[in-house]
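Working notes, structure below.
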Amino acid sequence: MSVFNSAPIPELFVSHESAQKLKHEAAALPSWDLTARQACDLELLMNGGFSPLKGFLGQQDYDSVVERMRLADGTLWPMPVTLDVSEAFAAGVEPGQDIALRDAEGVILAILTVSDKWTPDKPREAEMVFGADDAAHPAVNYLHNVAGPVYLGGAVIGIQAPVHYDFKARRDTPNELRAFFRKMGWRRVVAFQTRNPLHRAHQELTFRAAREAQANLLIHPVVGMTKPGDVDHFTRVRCYEAVLDKYPAATTHLSLLNLAMRMAGPREAVWHGIIRRNHGCTHMIVGRDHAGPGKNSAGQDFYGPYDAQELFRAHQGEIGIEMLDFKQMVYVQERAQYEPRDEVAEGMTILDISGTELRRRLREGIEIPEWFSFPEVVSELRRRYPPRHRQGFTVFFTGLSGSGKSTIANALMVKLMEMGGRPVTLLDGDVVRKHLSSELGFSKEHRDINIRRIGYVASEITKNGGIALCAPIAPYTATRRAVREMVEAFGAFVLVHVATSVEECERRDRKGLYKLAREGKIKEFTGISDPYEAPVDAELVVDTENVDVDHCAHQVLLKLEAMGLIRA
Ligand code: PPS
């Protein structure tokens, strides 16, 4: 174990000449536009990061990975790496056929020789791989609400690697890293996997690990996809660069890994180990709650804080890399240094700032102490996360037709404009259907497209520091959640449920639509002949019965004030 092997790892790319030829031939093949996650997976398949995989898993390997964490031939592999597609696309593809895999701009990156096509049992995949079929887990949510219903498996022929325009010099393939280690004479390398900015606790952890293993250090942050709501990778890389000169240059390297994380805790830790082995590392740090997905829908942790270390330990020999396990690092005030929580002497004062507390301090512009982080890192974070009253945000009203969403949203808009400071845009249901979604009807599919468009525009407005007020019906929980995720990447998302009952809406029937719906003249009418899933995650529920509009809008205003989004 942990024998340094600097020999190149097999890649799936064909020669430059073959690639040119194949590219022309592939243009005529059925082609699949890769999703962001699939593009990450394909990159690591092609460059050997996912070795020994030779392509997207076929059905037999998939079943075996899901069931027992191994490929069908018994090789340890903990994560299903599958190509999920739509039913419509799958219908036109049969095993034995080649398809072209294209990036978002249409560039052909690879050819997949389809060996298998099947409809996976997603609840089973969720239970077995992620530990619960609970949509509070980001990967389970992805599985059910983002991934297509059909999987294609087969060998990949690599034509070209996805192009990245950002931080080019900081990205290395497994073979580039192996060559670098060889050149530097590094025979022992400990990898530090991270999806967060580096604070002092992390630095101490990496110092201790390198010392313990007498190894060089590879800071290996994930820049592909991480947990929704994480600090974006642009900001993080600037933070990493800011602290790099606090490390000894001769024994430290920073390299970015374009992995799409699944937040699968223990299984993910094993996967990370295999990936780091492929990148030429001999050791890997596994800390507390490695690749943890947060709380489940009952408010409990999905995995125990040290489950990942246990599973890694049990498979260490096969992973081929040594684990350096650490308990949580905490700051001991009297000793003015970081120590693993279980080594702190009795009677000492432990200081710690959680991720949630850090976000609160940034949001509210409160001091972040020097013992916690480096001033350079804090200033990058402050640049990215100005206090809330200077950030953009979205207020998303949901409720039945005629519930009063638009009226309240209009009143709120005027009040916000009166206050000034940020531009306000109202994306009202009817207005959106006129300008953005005129071709859409009211089927579930069309409603979802409509809401995602609204979410996209709202997230852009939020990103650019404005206020977006949305007032569609938005009857489906999963779609509202998708919009929340889009917006929360850039600012606050305030869901307001205008909870007027269907009886009251029908009694008011301001547009005469309920009457038509009852008569069957309008089909798929929300609340009458189509579902409305009332939110359980609303920041505010307003009751419009016996309350005037002005008061409702004022309630929202008070909520925004309480959240620090506007100043009194
Ligand atoms: S959705 O589900 O969110 O996409 O709907 P939305 O775009 O908000 O709907 C906007 C208005 O369309 C009118 N309308 C219907 N609503 C529901 N079901 C059916 N079948 C339907 N047909 C037309 C309705 O007046 C909605 O207006 P609001 O502003 O909600 O009263």
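Counting convention: from 1, in listed order, for ligands and their atoms alike.
- Summary of contacts: the protein heavy atom closest to atom 2 (O) of ligand 1 is R447 NH1, 2.7 Å.
- Shortest contact from atom 28 (P) of ligand 1 to any protein heavy atom: K511 NZ, 3.4 Å.
- Looking only at side-chain heavy atoms (C-beta outward), C470 and F397 stay at 4.5 Å or farther from each other.
- Atom CD of E519 sits in a crowded spot, with more than 12 heavy atoms from other residues, nucleotides or ligands closer than 6.0 Å.
- In this structure, K523 counts as a contact residue of ligand 1, since one of its heavy atoms falls inside 4.0 Å of the ligand.
- Within the structure, ligand 1 has T526 among the residues with a heavy atom less than 4.0 angstrom away.
- The shortest separation from a heavy atom of H446 to ligand 1 is not under 4.0 Å, leaving the residue out of contact.
- Distances below 4.0 Å separate heavy atoms of I451 from the following atoms of ligand 1: 3 (O).
- In terms of protein heavy atoms, atom 11 (C) of ligand 1 is closest to D430 OD1, 3.2 Å.
- By the criterion of a heavy-atom distance under 4.0 Å, the side chain of P475, and not its backbone, is placed next to ligand 1.
- The closest protein non-hydrogen atom to atom 30 (O) of ligand 1 is K405 NZ, 2.8 Å.
- Y151 and Y62 have their aromatic ring centers within a separation under 6.0 angstrom.
- For ligand 1, the atoms sitting less than 4.0 Å from at least one non-hydrogen atom of G402 are 31 (O), numbered in the order shown with element in parentheses.
- Using bins of under 30°, 30° to 60° and over 60° for the plane-to-plane angle, the ring pair H137/F302 lands in the perpendicular bin.
- A cation-pi arrangement is found for R433 relative to F442, the charged atom lying closer than 6.0 Å to the ring centre and inside a 45° cone about the ring normal.
- Taking a cutoff of 4.0 Å between a charged side-chain nitrogen and a carboxylate oxygen, D550 and K415 qualify as a salt bridge.
- Between L101 and S31, the closest side-chain pair of non-hydrogen atoms is not below 4.5 Å.
- Residue R433 places at least one N or O, backbone or side chain, under 3.5 Å from an N or O of ligand 1.
- Residues Q38 and D84 have side chains that bring a donor and an acceptor to within less than 3.5 angstrom of each other.
- Near E524, meaning under 4.0 Å from any of its heavy atoms, are these atoms of ligand 1: 18 (N), 19 (C), 20 (N).
- I473 CD1, 3.4 Å is the protein heavy atom nearest to atom 16 (N) of ligand 1.
- Under the 6.0 Å cut-off for aromatic ring centres, F393 and F493 do not qualify, their centroids lying 6.0 Å or more apart.
- When non-hydrogen atoms are compared, ligand 1 lies under 4.0 Å from the side chain of F442 (C-beta onward) but not from its backbone.
- Here the heavy atom of the protein found nearest to atom 3 (O) of ligand 1 is A474 N, 2.8 Å.
- Contacts of D428 with ligand 1, taken as heavy-atom pairs under 4.0 Å, are absent altogether.
- Between V542 and L540 the shortest side-chain heavy-atom distance falls below 4.5 Å.
- Close N/O approach between P472 and ligand 1 is not found [any backbone or side-chain N/O within under 3.5 Å].
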